[in-house]
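Structure record follows, encoded as structure tokens.
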Amino acid sequence: MNPETIKRSELYELLEQGATLVTGNSRLAAALQQEFQQQAIDSGQQAWQTPDIRPWAVWLKETWEEAVFDDQLASPALLLTEQQEQYLWESVIESSSVTVLRGEATAKMAREAWRLLIDWQLDRRLADFSNNEDTQSFQRWADDFEQRCIAQDWLPSSRIAEQLLQCWQGDTHSLNSETLLIGFDELTPLQQDLLAAINSGSGSVRWLQAEQSSEKTSAVRLACADNNDEINTLVKWIRQRLAVQPESRLGIVVPDLSSHRADLLYRLTESLVPANLTADGDQQKPWNISLGLPLMHYPVIEIAFRLLDLVGDGLPIEKLSPLLNSPYLAGAAGELASRALLDRRLRDVHGPEVSLQDLCWLAGNSQQPWSSPQLAKHFSKVAELAKEIPGAASPADWVKWFTGILNAAGWGKDRDFNAGEYQAMEAFHKLLARFSGLQSVCDRLSYSRALGLLKRQARSQIFQPRSESTTLQLLGLYEAIGLEFDALWVMDLHDNNWPASPRPNPFIPLSLQRQKGMPHADQARELAIARGITERLLNAAPDVVMSYPCRAGEEPLRPSPLLLGLVEAKQQDLQLSEQPGWNEIIRKSARVELLS
């Protein structure tokens with residue numbers, strides 16, 4: 001099955017006629033939804049039918065649910081969530097005779113290997129997994145995992161597409177609608193078989209690629225001294241673009257966005273919204289970034305976990321200080337000075353570990369300047385609650401205990417939250433709800449074990465607060481699929497980074513991965529994928545800059561071989577803002593003071 005090219009206007013017509021559009025990622029679904037609405041407004045429509053645009057994962061699950069509801073498929077006892085499936089793999093590995101140093105990471109890799117075999121329609125029993133200890137261990141783990149699922153009638157989410165395929169093969173009433181796919185660089189064998197089953201029935205599926213704009217594209221490559229120089233230059237480029245055309249759609253694409261996220265956001269904040277560098281700055285940011293942070297790293301959530309740690313085994317003095325001075329506890333504003341003095345007192349007279357009882361005693365000493373009655377009142381409630389904590393409980397029961405402790409401590413009280421903080425707390429409550437679902441697949445847990453599992457889930461959950469639509473987008477390579485811009489900058493395209501190095505899964509024989517063309521299996525495949533992505537990005541905007549650093553520390557770097565056909569530009573050839581940044585203004589305002 002090969003993709004066919006379609007104009008944006010033709011795509012909108014099909015959506016108006018009731019077709020379902022399935023996208024490769026959620027960002028593209030949101031962008032096309034917004035484009036459709038804007039097109040309807042521009043055409044003078046007063047009202048219109050909301051188009052059916054869904055990411056692949058959402059469409060797949062909802063289609064499976066409809067098939068179960070219509071009795072085309074038998075309902076399992078439990079459709080495993082991502083957290084339940086991960087825990088099950090971890091318990092399988094933990095109960096095996098193999099000793100692993102990093103159980104969570106190993107379980108993720110094994111789970112990914114199992115999913116790859118399903119997506120590539122490979123029966124591991126027909127392949128030779130005796131190559132090495134890793135593949136042999138995976139074979140045993142996979143047997144155990146599947147046996148547990150069969151015994152309990154659990155369905156892993158990776159099996160949804162496979163179930164639909166078995167249901168629809170030979171069924172002429174598989175899907176009675178027109179389905180369009182867009183934003184996919186490639187389709188897995190399972191996806192291709194599933195779509196073929198729909199086409200052979202009464203439904204229709206088309207794999208589409210948006211037609212590139214006929215506007216002539218200007219694309220250059222730019223050498224920068226290092227990543228710092230690269231980021232400084234692109235921020236000046238952004239600032240100038242927004243100054244000239246505030247409504248222009250700008251894209252910044254970074255292959256390894258997580259490595260440069262902090263530097264990019266700091267420089268953008270410094271240049272575009274410098275007021276946000278102050279403690280009370282909360283201006284709307286004129287950008288949207290596709291990659292968030294682990295939920296655990298958001299301050300309001302970090303404080304919640306420090307409270308729960310304090311109830312467990314106490315806290316090291318250095319971890320207690322942020323808790324005492326946190327604005328996320330009840331009474332923080334009124335006891336700001338006394339809590340700071342309490343922090344100082346603890347450092348002066350206490351040992352390296354502080355217990356909840358010690359903290360309550362010091363905070364409640366009304367004869368001392370560090371007396372913090374509100375803190376003492378709430379933490380005394382927590383101390384009373386802690387005495388009743390059971391030795392073991394189910395995940396659902398632990399959620400009730402965690403929630404009770406946080407409420408008793410006054411977490412999230414007496415504060416007007418900004419949008420980001422509110423959404424982080426909302427995400428935390430959803431995390432607790434998912435954690436309670438573990439009781440379907442696990443035994444009773446101790447307090448420390450339950451808290452440790454919840455922390456791991458909070459570290460693995462990447463969270464990005466929702467923001468209003470903006471003209472500037474910071475994206476990874478795959479989030480940019482199908483999007484169009486007025487100008488685009490792709491950075492960090494040096495030869496060590498692009499094309500990416502192969503990263504074959506260690507639990508599947510390498511020869512099998514290469515034979516079947518599985519993701520990240522060899523350099524030839526990575527080169528082919530990188531070439532296709534590069535070509536797509538070069539046509540995603542009329543004005544494209546592809547930059548690379550000339551060194552990383554002392555290591556010299558060269559441009560990616562995929563950029564060699566582009567014209568080499570100099571920084572002075574680009575339209576860069578000459579307005580100084582916040583740091584530069586402060587530096588220039590310095591005065592020399594003569595010491596007599």
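Atoms considered below: every heavy atom in the structure, side chains included; atoms not considered: hydrogens, waters and symmetry mates. We count residues from 1, following the sequence as given.
Within the structure, the ring-ring contact (aromatic ring centres under 6.0 Å, His included) test picks out no pair touching residues 311-335 (sequence neighbours left out). The side chain to side chain donor-acceptor pair (under 3.5 Å) analysis of residues 367-384, with sequence neighbours excluded, yields the pairs Ser338-Ser372, Glu384-Lys387.
The 12-atom threshold is exceeded at CZ of Arg148, counting heavy atoms of other residues, nucleotides or ligands nearer than 6.0 Å. More than 12 heavy atoms of other residues, nucleotides or ligands shown are found within 6.0 angstrom of CG on Asp348. Atom CD of Glu318 is surrounded by more than 12 heavy atoms from other residues, nucleotides or ligands within 6.0 Å. Environment of CD in Glu353: crowded, with over 12 heavy atoms of neighbouring residues, nucleotides or ligands closer than 6.0 Å. For Lys455, the NZ atom is densely surrounded, since the number of other residues' heavy atoms within 6.0 Å is greater than 12.
For Phe305 and Phe428, the distance between ring centers is under 6.0 angstrom. Checked against a 6.0 Å centroid threshold, the rings of Tyr447 and Trp401 do not count as neighbours.
Side-chain atoms of Gln86 and Glu90 form a donor-acceptor pair, as typed in the model, at a separation below 3.5 Å. At a cut-off of 3.5 Å, with distance as the only test, a side-chain donor of Arg239 or Ser271 sits close to an acceptor on the other residue. Between the side chains of Asn227 and Asp492, a donor-acceptor pair is found at a separation under 3.5 Å. For the residue pair Ser258 / Asp256, a side-chain donor-acceptor distance below 3.5 Å is found, with atom types taken as modelled.
Of all non-hydrogen atoms in Trp141 and Ala110, the two that sit nearest each other are CE3-CB, 4.3 Å. Annotation for Gln84 and Leu78: closest pair OE1-CD2, 3.9 Å, computed over non-hydrogen atoms. When all heavy atoms are compared, the tightest approach of Val300 to Met425 is CG2-CG, 3.8 Å. Closest approach of Leu483 and Ala31 over heavy atoms only: CD2-CB, 3.5 Å. When every heavy atom of Pro294 is checked against every heavy atom of Ile462, the shortest pair comes out as N-CD1, 3.9 Å. For Pro76 against Trp64, the heavy-atom pair with the smallest separation is CD-CZ2, 3.6 Å.
Expressed to the nearest 0.5 Å, how far OG of Ser290 lies from CD1 of Ile252 amounts to 12.0 Å. Here the CD atom belonging to Glu85 is positioned 4.5 Å from the OG atom belonging to Ser158, to the nearest 0.5 angstrom. Between the CZ atom of Arg339 and the CG atom of Leu341 there is a distance of 12.5 Å, given to the nearest 0.5 Å. Of the inter-residue distances, the one linking Phe402 atom CZ with Leu308 atom CG reads 6.0 Å to the nearest 0.5 angstrom. With values rounded to the nearest 0.5 angstrom, Arg456 atom CZ is found 12.0 Å from Met296 atom CE. In this structure, CG in Leu493 is found 11.0 Å from OH in Tyr548, a value given to the nearest 0.5 Å.
Distance alone, capped at 3.5 Å, is enough to place a donor-acceptor pair between the Asn407 side chain and the Thr403 backbone. Of the possible polar contacts, one joining the Asp153 side chain to the Ala77 backbone as a donor-acceptor pair under 3.5 Å is found. At distances below 3.5 Å, not a single donor-acceptor pair connects side-chain atoms of Gln37 with backbone N or O atoms of Gln34. The main-chain N or O of His520 is never found under 3.5 Å from a side-chain atom of Arg503 such that the two would form a donor-acceptor pair. With hydrogens and angles ignored, the 3.5 Å screen pairs no side-chain donor or acceptor of Asp343 with any backbone N or O of Ser321. For the pair Gln423 (side chain) and Arg466 (backbone), a donor-acceptor distance under 3.5 Å is present. Looking at Ser326, its side chain never comes within 3.5 Å of a backbone N or O of Leu323 through a donor-acceptor pair.
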side-chain contact (heavy atoms from CB on, under 4.5 Å) between Leu234 and Val545, worked out: CA-CA 9 Å; Leu234 76 86; Val545 178; over 6 Å; no
Verify side-chain contact (heavy atoms from CB on, under 4.5 Å) between Leu329 and Leu307, making sure each step is shown before the conclusion. CA-CA 10 Å; Leu329 299 182; Leu307 280 169; 3.7 Å; yes
Could you check Val253 against Leu477 for side-chain contact (heavy atoms from CB on, under 4.5 Å), going step by step and ending with a plain yes or no? CA-CA 6 Å; Val253 175; Leu477 284 168; 3.8 Å; yes
Can you list the steps and then say if Val382 with Leu310 is a side-chain contact (heavy atoms from CB on, under 4.5 Å)? CA-CA 10 Å; Val382 173; Leu310 181 63; over 6 Å; no
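Ion pairing between a basic and an acidic side chain is recognised when a charged N comes within 4.0 Å of a carboxylate O; Asp263 and Arg267 show no such pairing.
Between Arg111 and Arg115, the closest side-chain pair of non-hydrogen atoms is not below 4.5 Å. Side-chain contact between Ile160 and Leu79 is present, with at least one heavy-atom pair separated by less than 4.5 Å. By the 4.5 Å heavy-atom criterion applied to side chains, Leu265 and Leu474 are counted as neighbours. The shortest distance between side-chain heavy atoms of Gln473 and Arg27 falls below 4.5 Å. Between Trp398 and Leu438 there is no side-chain heavy-atom pair separated by less than 4.5 Å. You'll find the side chain of Glu555 reaches within 4.5 Å of the side chain of Asn496, heavy atoms only. Counting only heavy atoms from C-beta outward, the side chains of Leu557 and Pro549 approach each other to under 4.5 Å. Side-chain contact between Lys61 and Ser157: absent, with no pair of heavy atoms (C-beta onward) separated by less than 4.5 Å.
Applying the salt bridge (charged side-chain N to carboxylate O under 4.0 Å, His left out) test to Arg306 and every residue at least two apart in sequence or in another chain returns Glu302.
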